[in-house]
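Every heavy atom of this structure was used, including side-chain atoms; hydrogens, water molecules and symmetry mates were not. The sequence lines fix the lettering, A, B, ..., with proteins before strands; numbering per chain opens at 1. Quick caveat, the model's predicted, so the values are computed rather than measured.
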There are 2 protein chains.
Amino acid sequence: MQDDDWREDCAPRRVLEIFATKWTSMILHTLNARHKGAARSGALHRSLPGVSKKMFVQTLRDMETGGLLDRHIDSTVPPAVTYRLTPLGHRFVGLVDLVYDWGRDNADALDALQPREGARRTRSTVLSQSEHDA
Amino acid sequence: MQDDDWREDCAPRRVLEIFATKWTSMILHTLNARHKGAARSGALHRSLPGVSKKMFVQTLRDMETGGLLDRHIDSTVPPAVTYRLTPLGHRFVGLVDLVYDWGRDNADALDALQPREGARRTRSTVLSQSEHDA
DNA sequence: GAACGTAGTTACCTTAAGGAGACCACCATG
DNA sequence: CATGGTGGTCTCCTTAAGGTAACTACGTTC
């Protein structure tokens, strides 16, 4: 392996972009695993606990722009919007499943991993953590 | 698949934490692939183009806390510090290699992926275009 | 004694990611 | 007419991630 393999824009580094946005991989996975590749907006949203409306829509837009999803509007009376995976989206589902399956098979490793110092203050611990040296 | 599989702290979601910090996976991979699992601070740093000193050290600290790395200080004349993968670290190298190998094998999919609207001016984009026409 | 290399620490700053919550337009139902 | 469901948009806000650059301290070499 050469230095060149690790210049800024090599393929390995770019893979990380899929995981850089919090919900992208989960949308890919859920759309594929629970909705057979296509789902209406509301149904998809409800199957992703924790995502805010804003981030949900924003992530879908980014994924559509990226070519991972198609957005179909049945412009009927209450406009029904359906999202479906593109072929490119399906490619990336393969990657996501790889990673998620690893997580399932290695849950013990994930349990063994201690959280980072800075990552445990979930806004509730922030308030009680204000007393270091004065 | 049930809703319960997607509650906040399921294994699949936690895997993402490894990729949440920009340099963690690269350090794991590089340490394993280019340094046989152990390297001195400076050598490791030099094999990771783009990382700032601060983030390099900070990420190493977090990884040490997480149990992915050991830090050995040969307190000799100029203190030589060596980082080596722990068994847990080796586990995660497996995951990282999985992802990076996918990236290598699917570079065309990565090329086909259009960047997000908001992600136009990331560092890699800036660098790869820093010598634009102007 | 100035510069260099090792291995950091610290302060300061910018940006982007993410979340909260209000609002819009449409229609149906009670 | 108020409520609820669809599928959004908008603005405001907080936090964390990451980067820059300066500084430490030690020892060697020019």
Polar atom pairs between nucleotides 4-6 of chain D and protein, under 3.5 Å, N or O only, would you list them?
residue, atom, partner, partner atom, Å
D:dT6, O3', A:Arg40, NH2, 2.7

**Complete:** B:Met55 CE to D:dT20 C1', in whole Å, measures 13 Å
**Asked** To the nearest angstrom, how far is A:His45 atom NE2 from D:dT9 atom P?
**Response** 13 Å
**Prompt:** Are any side-chain N or O atoms of A:Ser47 and backbone N or O atoms of A:Leu44, one a donor and one an acceptor, separated by less than 3.5 Å?
**Reply:** yes
**Message:** Can a donor-acceptor pair be found, under 3.5 Å and without considering hydrogens, that links the side chain of B:His45 to the backbone of B:Val51?
**Reply:** yes
**Fill in**
Here the gap from A:Ile27 atom CD1 to A:Leu68 atom CG, rounded to the nearest 0.5 Å, amounts to 10.0 Å
**Earlier contact from the 5' end, DNA chain C, for A:Ser52 and B:Arg71** = B:Arg71
**Request:** Tell whether B:Lys54 reaches the base of D:dG18 with its side chain through a donor-acceptor pair below 3.5 angstrom.
**Result:** yes
**Prompt:** At what distance, to the nearest 0.5 angstrom, does CG of B:Leu110 lie from CZ of A:Arg13?
**Reply:** 14.0 Å
**Asked** Taking the inter-plane angle between the rings of B:Phe19 and A:Phe19 on a 0 to 90° scale, is it parallel (under 30°), tilted (30 to 60°) or perpendicular (over 60°)?
**Response** parallel
**Fill in**
When rounded to the nearest 0.5 Å, the distance separating CE of A:Met63 from CG of A:Leu85 is 7.0 Å
**Fill in**
Rounded to whole Å, CZ of B:Arg61 lies from C1' of C:dT10 at a distance of 14 Å
**Asked** In whole angstrom, what separates A:Asp74's CG from D:dG8's P?
**Response** 12 Å
**Message:** Ring-plane angle category for B:Tyr100 and B:His29, please: parallel below 30°, perpendicular beyond 60°, tilted otherwise.
**Reply:** tilted
**Asked** Quick one: is B:Tyr83 getting a side-chain N or O under 4.0 Å of the C:dA7 phosphate, OP1 or OP2?
**Response** no
**Asked** Atom CD1 of A:Ile18 and atom P of C:dA17: how far apart are they, to the nearest Å?
**Response** 14 Å
**Asked** Are the side chain of B:Thr86 and the backbone N or O of B:Gly67 linked by a donor-acceptor pair below 3.5 Å?
**Response** yes
**Request:** Any chance you could lay out the side-chain contact (heavy atoms from CB on, under 4.5 Å) test for B:Leu98 and A:Val99, step after step, and finish with the verdict?
**Result:** CA-CA 8 Å; B:Leu98 218 56; A:Val99 171; over 6 Å; no
**Message:** At less than 3.5 Å, do the side-chain atoms of B:Lys22 and the base atoms of D:dG18 form a donor-acceptor pair?
**Reply:** no
**Request:** Starting at atom CD of A:Glu64, determine the distance to atom P of D:dG8, rounded to an integer number of angstrom.
**Result:** 10 Å
**Prompt:** Heavy atoms under 4.0 Å, any strand shown: does B:Phe56 hit a base, just sugar-phosphate, or nothing?
**Reply:** nothing
**Request:** Could you check how far CD of A:Gln58 sits from P of D:dT11, rounded to whole Å?
**Result:** 14 Å
**Message:** Taking the axis from the first five pairs and the axis from the last five, what angle separates them in the helix from C:dG1-D:dC30 to C:dG30-D:dC1, rounded to 10 degrees?
**Reply:** 20°
**Item:** Atom-pair distance (CZ on B:Arg13; C1' on C:dG18), nearest Å
**Value:** 14 Å
